[in-house]
Amino acid sequence: MRHVVLFHSVYGLRPAVRAAADRLRAAGHQVSTPDLYGVPATDTVEEGFALLDKIGQEMVLDRARDALRDLPPETVLAGFSMGAGVAGALLAERPDAAGLLLLHGTGGAPDAVRPGLPVQLHLADPDPYDAPDEVDEWQQALIDTGAELTVFRYPGVGHLFTDPDVAEYSPDATAVAWPRVLAFLAAR
């Protein structure tokens, strides 16, 4: 059993994030899903980016830090899309994190990644927000730090392919991704 903090995408705290947390809880993990916006989730990605601009990245990171305050140091940092970036951004402040789980986006600067850190990435191939050459560069940088990195690319799917409430949802890719996520957490 692991403690996991699961940060939401730019849309906000949507039912898909809560369902993912329930899936992880059913596997025996303790999961927190902080609301980094403090307002209802948006219906479109454009509204989500407008809300992020209004709230500000620093406020989002401060709320994420607050959510982590009472969690054990070895909590797994996880996130969807923007939330993957939030998880990665907080890695330097959580050097004892048991792992970094990235769904739909990269995260974690190489200088914040300790040798042996388990990192798992699930990404559309191609992904409109993460250019393939940038992902390759990020991947090599993490490998060079000694991270235990596993990257899963899902050809022909949309960015948030695990979210059943968006048009890019792919039930087939989702059915492949979740057992991989659960295996990653079980190995920690």
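For the numbers below, each heavy atom of this structure counts, side chains included, while hydrogens, waters and symmetry mates do not.
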Polar side-chain atom of S81 near backbone of G105 as donor-acceptor pair, under 3.5 Å: no
H122 side chain near L101 side chain, heavy-atom distance below 4.5 Å: yes
Where R2 and V76 come nearest, the two heavy atoms and their spacing: CD-CG2, 3.9 Å
L182 versus A27, closest heavy-atom pair with distance: CD2-CB, 3.8 Å
ILVMFWY network linking V31 to V181, side-chain heavy atoms under 4.5 angstrom: yes
L91/L77 under side chain to side chain contact (heavy atoms under 4.5 Å, CB included): CA gap, chis, key distance, verdict: CA-CA 8 Å; L91 189 58; L77 304 176; 3.9 Å; yes
ILVMFWY cluster, L13 and L52 together (side-chain gap under 4.5 Å): no
Derivation and outcome, side chain to side chain contact (heavy atoms under 4.5 Å, CB included), residues F7 and L90: CA-CA 11 Å; F7 298 116; L90 296 178; 4.1 Å; yes
Test: R18 and D165 ion pair at under 4.0 Å: no
hydrophobic_cluster_shared for V157 and L160, side chain cutoff 4.5 Å: no
Spatial distance of atom CG (L102) from atom CG (L142) [nearest 0.5 Å]: 8.5 Å
Whether Y154 and F161 hold their rings parallel, tilted or perpendicular, with breakpoints at 30° and 60°: tilted
E47 atom CD, neighbour heavy-atom count above 12 within 6.0 Å: yes
D62 side chain near R65 side chain, heavy-atom distance below 4.5 Å: yes
Criterion ring-ring contact (aromatic ring centres under 6.0 Å, His included) against H159, the qualifying member of Y11, F80, Y129: Y129
Carboxylate-amine/guanidinium contact D66 R63, below 4.0 Å: no
Beyond-backbone contact of L121 with W138, side-chain heavy atoms, under 4.5 angstrom: yes
Rounded distance (nearest 0.5 Å) linking atom OG1 of T106 with atom CG of D130: 4.0 Å
Steps toward side chain to side chain contact (heavy atoms under 4.5 Å, CB included) verdict (R180, T150): CA-CA 10 Å; R180 291 170 168 172; T150 305; over 6 Å; no
Shortest non-hydrogen contact between A20 and L6, atoms and distance: CB-CD2, 3.9 Å
Sub-6.0 Å ring centroid separation between Y37 and H8: yes
Under 3.5 Å: donor-acceptor pair, side chain of R114, backbone of A97: yes
Distance, nearest 0.5 Å, that separates CG of L149 from CD of Q139: 5.5 Å
Common cluster, V10/L36, ILVMFWY with side-chain heavy-atom separation under 4.5 Å: yes
Side chain proximity check, L123 to V151, heavy atoms < 4.5 angstrom: no
For R14 against S9, the heavy-atom pair lying closest together: CD-OG, 4.5 Å
Within one Ile-Leu-Val-Met-Phe-Trp-Tyr cluster: L103 and V113, side-chain cutoff 4.5 Å: no
Least distance between heavy atoms, L100 atom then G107 atom: CD2-O, 3.6 Å
Reported CG-to-CZ distance for the pair D127 and R153, which is rounded to 0.5 angstrom: 10.0 Å
Non-hydrogen atoms of L71 and H3 that approach each other most closely: CD2-CD2, 4.4 Å
Steps toward side chain to side chain donor-acceptor pair (under 3.5 Å) verdict (Q140, D136): CA-CA 6 Å; Q140 188 58 55; D136 292 343; over 6 Å; no
Side chain to side chain contact (heavy atoms under 4.5 Å, CB included) between V176 and F152, worked out: CA-CA 10 Å; V176 173; F152 295 106; over 6 Å; no
